[in-house]
Amino acid sequence: MTNKYLPHTEDDIREMLQTIGIGNIDELYADVPQEVVFKEEYDIPSEMSEIELRRHFKNLAQQNKPLTIFAGSGAYDHYSPSTIAHLLARSEFYTAYTPYQPEISQGTLQYIFEYQSMISELTGMEATNASIYDGATSAAEAMFMMVNSAKKKNRVLLSSTLLDSVVKVIKTYAKFHGVKVGVIGEKDGVTDLDALYKELEEGDVAGVILPQPNKYGIIENLEGVAENVHSAKGFMTLYCDPSALAVLRTPAEWGADIACGDGQTLGMPLSFGGPYLGFISCSNSMLRKMPGRVVGATKDADGKRGYVLTLQAREQHIRRQKATSNICSNQSLMALFATVYLSLMGKQGLKEVNELACDGAHYLYDKLIASGKFEKAYDKPFLKEFVVKTNLDMKKINERLIENGIMGGIILDDNRVEFAVTEKRTKEEIDTLVEIMLED
């Protein structure tokens with residue numbers, strides 16, 4: 001056996017190579033350019049005892065430098081109750097597979113059902129799936145839902161105030177599925193609705209995707225937008241922050257057909273970018289177009305309440321060429337995370353999270369403006385994130401902040417910088433941030 005961690009014997013390898021008509025492993029990779037082939041020895045340490053291994057990983061962990069975070073742009077440093085990590089680490093959750101067999105998967109099916117119920121309540125929509133990998137891919141799936149629901153239309157309009165990462169992912173998905181994507185410009189930090197309505201007049205728009213709040217943290221006024229989109233026989237999707245929906249108008253109240261977004265704000269640690277959670281909610285009329293799993297409540301032969309996967313066409317699992325995106329395996333682990341978080345926080349707790357973040361963000365905003373070194377970029381309402389203008393060298397300032405254990409704002413261009421404040425940030429931390437930024 002060439003590698004003790006791989007199960008193939010020399011005879012296995014020889015038989016496989018003979019079957020495909022190749023003499024040796026090198027021939028199998030003959031098309032790979034030699035200049036990119038690694039020919040050195042791997043720098044892998046030798047085996048260690050348990051105590052040596054623990055010491056090794058402890059030393060590695062100490063290289064990490066925890067920072068006080070004032071950056072956002074789609075990923076936010078929210079508090080994660082310790083209970084969640086302990087519950088998610090249980091083997092029945094950590095190793096669970098797609099619950100095809102309801103007779104042995106009632107626990108998994110129930111928490112998915114509870115997750116769907118909670119997200120539906122936050123969004124005001126009639127149905128929710130469980131779930132998509134992250135917010136950007138949920139927006140791309142929403143695009144497909146709108147195109148598949150529209151009659152002979154394959155053009156989708158995106159607001160330029162959507163997160164840049166979300167726009168890029170949508171465009172990537174669209175490119176390989178023949179969907180045409182148009183981008184609506186911004187005006188004073190929000191979607192240019194006049195430009196949007198002009199595009200709708202073309203009559204070929206399947207749907208529109210708008211943010212709430214947008215990439216600048218601004219809460220956009222979308223009054224009347226859904227009516228205009230529907231009059232043009234299109235659909236409207238809102239890309240939302242689910243945590244913020246505890247205090248903002250719901251997508252349903254704005255008249256949206258689909259709500260999607262990233263559930264990272266529901267207490268999920270930043271974790272260098274994941275794992276996160278993408279959610280999709282929609283009206284009942286679009287339910288059949290929605291990818292992912294849908295769990296329904298029913299009664300068994302004895303009249304007892306039970307849960308099953310429902311409204312899933314056979315194509316979802318077998319005939320992939322006719323299926324919507326097949327989101328499977330343990331995609332629901334992060335849905336469980338959101339379920340536990342929402343259960344622990346409750347309606348009042350989620351409201352308080354937003355109130356604390358809002359108070360902190362406006363406190364920081366007011367201090368920056370009062371310093372005379374910063375000025376308003378947009379005169380629009382915001383919740384926990386905002387943009388200001390400055391002539392200061394923000395690159396040097398951010399380097400100084402890092403040296404002091406703080407991750408500062410995100411530099412948007414030469415004179416605009418964006419800050420985010422969550423419920424974790426204290427008044428003392430905000431004061432320290434401002435003090436360091438204003439040092440001569």
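All values derive from a computational prediction rather than experimental measurement.
Taken from CD in Gln212 to CG in Leu245, the straight-line distance is 8.5 Å, to the nearest 0.5 Å. A distance of 8.5 Å separates CG of Leu311 from CE of Met290, quoted to the nearest 0.5 Å. Between Ile132 atom CD1 and Thr137 atom OG1 the span is 6.0 Å, to the nearest 0.5 Å. Between the NZ atom in Lys58 and the CG atom in Leu60 there is a gap of 12.5 Å [rounded to 0.5 Å]. Lys215 contributes atom NZ, which lies 11.5 Å from atom CD1 of Ile410 (distance to the nearest 0.5 angstrom). Interatomic distance, CG of Leu412 versus OG of Ser73, reported as 7.5 Å (0.5 Å rounding).
Counting non-hydrogen atoms of other residues, nucleotides and ligands closer than 6.0 Å to CD of Glu355 gives a total above 12. Taking a 6.0 Å sphere around NZ of Lys171, one finds it holds 12 or fewer heavy atoms contributed by other residues, nucleotides or ligands. Enclosure of atom NZ in Lys151 is not indicated, since only 12 or fewer non-hydrogen atoms of other residues, nucleotides or ligands lie within 6.0 angstrom. Within 6.0 Å of atom CG in Asp302, more than 12 heavy atoms from other residues, nucleotides or ligands are found, so the atom counts as buried in its surroundings. Within a 6.0 Å sphere centred on NZ of Lys180, other residues, nucleotides and ligands contribute 12 heavy atoms or fewer. Surrounding CZ of Phe38 are more than 12 heavy atoms belonging to other residues, nucleotides or ligands, all under 6.0 Å away. Crowding of Ile104 atom CD1: a count of heavy atoms from other residues, nucleotides or ligands under 6.0 Å exceeding 12. For Glu50, the CD atom counts as loosely surrounded, since its 6.0 Å shell holds 12 or fewer non-hydrogen atoms of other residues, nucleotides or ligands.
Within the 3.5 Å criterion, the main-chain N or O of Tyr76 finds no donor-acceptor partner in the side chain of Thr422. The backbone N or O of Glu52 lies less than 3.5 Å from no partner atom in the side chain of His56, so there is not a single donor-acceptor pair. Distance alone, capped at 3.5 Å, is enough to place a donor-acceptor pair between the Glu126 side chain and the Asn284 backbone. No side-chain donor-acceptor contact under 3.5 Å links Ser332 to the backbone of Ala335. Using modelled atom types, one side-chain atom of Arg400 and one backbone atom of Ile436 make a donor-acceptor pair closer than 3.5 Å. A donor-acceptor contact shorter than 3.5 Å links the side chain of Glu423 to the backbone of Tyr79. Proximity of a side-chain donor or acceptor of Arg14 to a complementary backbone N or O of Thr9 within less than 3.5 Å is not detected. Looking at Asn214, its side chain does come within 3.5 Å of a backbone N or O of Gly189 through a donor-acceptor pair.
Residues His177 and Asn154 bring no donor and acceptor atom of their side chains to less than 3.5 Å of each other. Side-chain contact of Tyr239 with Ser159: a donor-acceptor pair under 3.5 Å is absent, judged by distance alone.
In this structure the side chain of Asp431 reaches within 4.5 angstrom of the side chain of Tyr363, judged on heavy atoms. Residues Tyr341 and Pro81 are in side-chain contact: their nearest non-hydrogen atoms beyond the backbone lie under 4.5 Å apart. Using a 4.5 Å heavy-atom cutoff, the side chains of Leu163 and Pro211 are not in contact. Inter-residue side-chain proximity for Leu344 and Ile84 is flagged as met; some heavy-atom pair is nearer than 4.5 Å. Looking at heavy atoms from C-beta onward, Leu350 lies in side-chain contact with Leu122 at the 4.5 angstrom threshold. Under the 4.5 Å side-chain criterion, counting only non-hydrogen atoms from C-beta, Gln63 is not in contact with Asn59. Residues Val295 and Leu309 have side chains in contact (heavy-atom distance under 4.5 Å, counting atoms from C-beta outward). Side-chain atoms of Phe70 and Leu401, non-hydrogen and from C-beta on, never get closer than 4.5 Å to each other.
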Point to revise | Test log, rule side-chain hydrogen bond (donor to acceptor under 3.5 Å, both in side chains), inputs Thr128 and Ser120 | key: CA-CA 6 Å; Thr128 297; Ser120 292; 2.7 Å; yes
Review point. Taking it one step at a time, do Leu266 and Ile119 satisfy side-chain contact (heavy atoms from CB on, under 4.5 Å)?
Key: CA-CA 11 Å; Leu266 300 178; Ile119 299 298; 4.2 Å; yes
Exercise for review: Let me see the working for Cys282 and Met145 under side-chain contact (heavy atoms from CB on, under 4.5 Å), right down to the final yes or no.
Suggested key: CA-CA 10 Å; Cys282 67; Met145 288 174 64; 4.0 Å; yes
Exercise for review: Begin with the C-alpha distance, continue with both residues' side-chain angles, and end with the deciding distance and a verdict on salt bridge (charged side-chain N to carboxylate O under 4.0 Å, His left out) for Glu121 and Lys347.
Suggested key: CA-CA 10 Å; Glu121 187 169 356; Lys347 292 182 179 180; 3.0 Å; yes
Review point. Given Gln110 and Arg305, is the side-chain contact (heavy atoms from CB on, under 4.5 Å) satisfied, shown in steps?
Key: CA-CA 10 Å; Gln110 181 175 356; Arg305 186 171 188 172; over 6 Å; no
Practice item. I would like to know whether Leu222 and Leu238 meet side-chain contact (heavy atoms from CB on, under 4.5 Å); could you show each step before the answer? Key: CA-CA 10 Å; Leu222 303 175; Leu238 285 191; 3.5 Å; yes
Check your understanding: Hey, mind stepping through Asp241 and Lys384 against salt bridge (charged side-chain N to carboxylate O under 4.0 Å, His left out) and telling me if it holds?
Key -> CA-CA 11 Å; Asp241 174 348; Lys384 63 184 176 186; 2.8 Å; yes
Review point. Please walk me through it: do Ser243 and Thr265 pass side-chain hydrogen bond (donor to acceptor under 3.5 Å, both in side chains)?
Key: CA-CA 6 Å; Ser243 174; Thr265 56; 4.8 Å; no
Point to revise | Verdict with reasoning, Lys168 to Asp164, per salt bridge (charged side-chain N to carboxylate O under 4.0 Å, His left out) | key: CA-CA 6 Å; Lys168 289 178 181 178; Asp164 294 340; over 6 Å; no
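Ion pairing between a basic and an acidic side chain is recognised when a charged N comes within 4.0 Å of a carboxylate O; Glu399 and Lys395 show no such pairing.
When all heavy atoms are compared, the tightest approach of Ala174 to Val181 is CB-CG2, 3.5 Å. Asn129 and Pro291 make their closest contact through ND2-O, 2.8 Å (heavy atoms, listed as atom of the first residue, atom of the second, distance). Residues Gly74 and Gln264 come closest through the heavy atom pair O-OE1, 4.1 Å. For the pair Phe93 and Leu88, the tightest heavy-atom approach, listed with the atom from each and the gap, is CB-O, 4.0 Å. Shortest non-hydrogen contact noted between Met125 and Asp257 is CE-O, 3.2 Å. Nearest heavy-atom pair, Val229 versus Val208, reported as atom, atom and distance to 0.1 Å: CG2-CG2, 4.0 Å.
Aromatic pair Phe382/Tyr378: ring centres not closer than 6.0 Å.
Every residue was checked against the salt bridge (charged side-chain N to carboxylate O under 4.0 Å, His left out) condition with Glu428, not counting sequence neighbours, and none meets it.
Because its NZ or CZ atom is not both nearer than 6.0 Å to the ring centre of Tyr216 and within 45° of the ring axis, Lys380 does not count as a cation-pi partner of that residue.
Between Phe113 and Tyr307, the ring planes are tilted. Angles from 30° to 60° get that label.
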